[in-house]
Amino acid sequence: MKRRVSSSLIAIVAEGLFSRLSFGLISFSLPLYARHLGLSLTEVGILAAMNSAVAVALKPLLGWAADRFGLKRTYLAAISLRSLVSLLLGFATLPWELFAIRSAHGLSMSLRDPSANALIAEHGGEKSVASAFAWYQTARAVAGSVSKALAGIILTVTAANYSLVFLLAFGLSVLPMLIVSKYVKERSDAQGKESEESSSTAPGGSHEAKPLVPVTHGRPKVLRYVGLGFLIASTAEMLSGLFPVLATEYAGLSNAQAGVIYAVSTLALVFSGPLFGWVSDNISRKLVLAVRALANTFSSVLYVITPTFGGVAVAKTSDDIGKAAFRPAWGALMAEVSSFDKRNRARTMSWMSMGEDAGGVLAPILAGFLWGTWGITALMGVRVLLAIATEIYAFLVARPPGENVLGVRLQMRKEEVREDRLVLPNTASGEDVCD
């Protein structure tokens, strides 16, 4: 008997699909519009990182607010604010307005990410949570690729009418609000526990992948995962905001060709996302995370040696496959760590995703600086070194105390692990009790 998929989970996946259709248009067009207004490469990198910078500052507080006021309520507030961001971009004509609107987007991220992640963890099921995150991220990634391809075509056909693209994004952003308000439900901790127990004993259920969380006296060390998220996101997001500029100014492609490249990588995302989710749930989460480093390294080399339509298309596809591997494994890791204290689940996830956002803040700025100062080769070389450093750190973090080189560890009863609550930084008092 197969486990029934939650209607709330389907609605969350649908929200990710329509929201990314909207913001994919913006992600492609905004860097080009910024260049049109006269911003330098470094300034474009700062603009691309602005939303993540705001999210880093606010996520711990707003993660607490999501636990306090309700996951669905904060989820809806975030989607509403993000729709407003799309509308305002349609009327922005000055550089400072772009930075202000991008900051508002960061506020919506700090509201949305902890609540969305916690809801997926609640409805995804303990033994299939990576697959739940995989389907969610696949829907977002595929929609983003399609909408970015569409943005390139629209800009070409309309002679770079950026306002039209931004207003179209606003129209698409309204749909997720209706879906979430009607279909997404919140569950209590008791209900979530009962569902997890029933799914783990159901015939035909998934086999449990080996956990990646090292535990000392039952308490996961949260801050080490903040650092892991920072490093992984740094390599994954380094080129995200600059790719349209890389494709058009460095490789000499047209806007339409750059948009088509996003469509080329879509097919790989459709298959690789769910596949990596299944592998993470059933075989090895460490293996899935390692794929990301290999993909980033390969793409960095390819960008330098083959700056053609084919070379850039293969490199971009490789990057997207790396992200498809990273997202479900990272989501499952957040769910596993946050499960030790479900009353503060969104707050736990906000700390972990804060590290991810910090990487998204600094990496585009560093990329713009390296490219503008020493050229594309220096940028890609640093990206390769960062990918290698990330794998070394991930190996060290994922090794529990007492584990030998082959990964053998003493077994701990789950009941003993669950007895101790996860210890988080006390943002109210300033006391940090994390490792």
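Source: prediction; values computed, not measured.
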* Structure fact -> Rounded to the nearest 0.5 angstrom, the CD1-CG distance for Ile101 and Leu47 is 10.0 Å

* Hey, is OH on Tyr183 packed in by over 12 heavy atoms from elsewhere, all under 6.0 Å? -> no

* Output, in order, the C-alpha distance, side-chain angles, deciding distance and verdict of side chain to side chain contact (heavy atoms under 4.5 Å, CB included) for Arg383 and Asn296. => CA-CA 8 Å; Arg383 190 168 182 247; Asn296 288 160; 3.3 Å; yes

* Minimum side-chain heavy-atom gap Trp330-Glu356 below 4.5 Å -> yes

* Asked: Do the two ring centres, one from Trp351 and one from Tyr225, sit under 6.0 Å apart?
  -> no

* Give a yes or no on whether the backbone of Val384 and the side-chain of Ser300 come within a donor-acceptor separation of less than 3.5 Å. => no

* Structure fact -> On a heavy-atom basis, the closest approach of Pro60 and Met354 is CG-SD, 3.5 Å

* To do: Indicate whether the side chain of Arg82 and that of Ser19 have a donor and an acceptor atom separated by less than 3.5 Å.
  => yes

* To do: Evaluate side chain to side chain contact (heavy atoms under 4.5 Å, CB included) for Val312 paired with Thr306, printing each intermediate quantity in order.
  => CA-CA 7 Å; Val312 173; Thr306 56; over 6 Å; no

* Examine the side chains of Ser131 and Asp281 and answer whether a donor and an acceptor come within less than 3.5 Å of each other. => yes

* To do: For the residue pair Tyr33 and Tyr162, categorise the inter-ring angle as parallel (less than 30°), tilted (30 to 60°) or perpendicular (more than 60°).
  => tilted

* Within a strict 4.5 Å, meaning less than it, do heavy atoms of the Ser86 and Ile26 side chains meet? -> yes

* Give the minimum heavy-atom separation between Pro364 and Ala48, together with the two atoms involved. => CB-CB, 4.4 Å

* Asked: In terms of the angle between their ring planes, are Tyr250 and Trp371 parallel, tilted or perpendicular, with boundaries placed at 30° and 60°?
  -> perpendicular

* Asked: What distance do Leu178 atom CG and Leu76 atom CG have between them, rounded to the nearest 0.5 Å?
  -> 10.0 Å

* Would you sort out whether Leu98 and Leu89 count as a side chain to side chain contact (heavy atoms under 4.5 Å, CB included), showing the intermediate values? => CA-CA 7 Å; Leu98 298 184; Leu89 280 173; 3.9 Å; yes

* Structure fact -> Separation between CG (Leu39) and CG (Leu30), nearest 0.5 Å, reads 9.5 Å

* Asked: Thinking salt bridges, do Arg292 and Asp319 make one under a 4.0 Å N-O criterion?
  -> no

* Asked: Just by distance, do the side chain of Glu43 and the backbone of Ser40 share a donor-acceptor pair under 3.5 Å?
  -> yes

* Ion pair check, Asp113 and Lys59, cut-off under 4.0 Å -> yes

* Ser29 and Leu155, any side-chain heavy atoms less than 4.5 Å apart -> yes

* To do: Side-chain contact test, heavy atoms from C-beta onward, threshold under 4.5 Å: evaluate it for Met238 versus Leu379 and give yes or no.
  => yes

* Asked: Can you tell me how far the CZ atom of Phe23 sits from the CG atom of Asn51, to the nearest 0.5 Å?
  -> 8.5 Å

* Side-chain donor or acceptor of Glu97 paired with backbone N/O of Leu94 under 3.5 Å -> yes

* Side-chain donor/acceptor of Thr373 to backbone N/O of Leu370, under 3.5 Å -> no

* Asked: If every non-hydrogen atom of Pro114 is compared with every non-hydrogen atom of Met349, which pair is closest and at what distance?
  -> O-SD, 4.4 Å

* Give the C-alpha distance, both sets of side-chain angles, the deciding distance and a yes or no for side chain to side chain contact (heavy atoms under 4.5 Å, CB included) between Phe133 and Asn117. => CA-CA 8 Å; Phe133 275 100; Asn117 289 333; 3.6 Å; yes

* Asked: Roughly how far, to the nearest 0.5 Å, is the OG atom of Ser27 from the CZ atom of Phe243?
  -> 13.0 Å

* Check for a donor-acceptor pair, side chain of His123 on one end and backbone N or O of Ile12 on the other, with a separation under 3.5 Å. => no

* **Asn344 side-chain N/O to Arg347 backbone N/O, donor-acceptor pair under 3.5 Å** => no

* Taking the side chain as every heavy atom from C-beta outward, state whether Ile376 and Leu246 have any pair of such atoms under 4.5 Å apart. => yes

* Without swapping roles, check the side chain of Glu15 against the backbone of Ala11 for a donor-acceptor pair under 3.5 Å. => no

* Quick one: are Val44 and Arg35 in side-chain contact, heavy atoms under 4.5 Å? -> yes

* To do: Could you tell me whether a side-chain N or O of Ser173 sits under 3.5 Å from a main-chain N or O of Phe170, the two making a donor and an acceptor?
  => yes

* **Closest non-hydrogen atom pair between Tyr75 and Leu119, with its separation** => CD2-CD1, 3.6 Å

* Taking the side chain from Ser163 and the backbone from Gly90, do they hold a donor-acceptor pair closer than 3.5 Å? -> yes

* Atom pair CG (Leu25) and CG (Leu172), whose distance is rounded to the nearest 0.5 Å -> 6.5 Å

* Asked: Heavy-atom distance under 4.5 Å between the side chains of Trp135 and Pro274, does that happen here?
  -> yes

* Structure fact -> All heavy atoms of Gly24 vs all of Ser147, minimum pair found to be CA-OG, 3.0 Å

* Asked: Going by distance alone, is a donor N or O of one side chain under 3.5 Å from an acceptor N or O of the other, for Ser318 and Ser299?
  -> no

* **Leu228 side chain near Leu333 side chain, heavy-atom distance below 4.5 Å** => yes

* Whether Lys72 side chain and Val184 backbone form a donor-acceptor pair below 3.5 Å -> yes

* Structure fact -> Closest non-hydrogen contact found for Leu253 with Thr308 is CD2-C, 4.5 Å

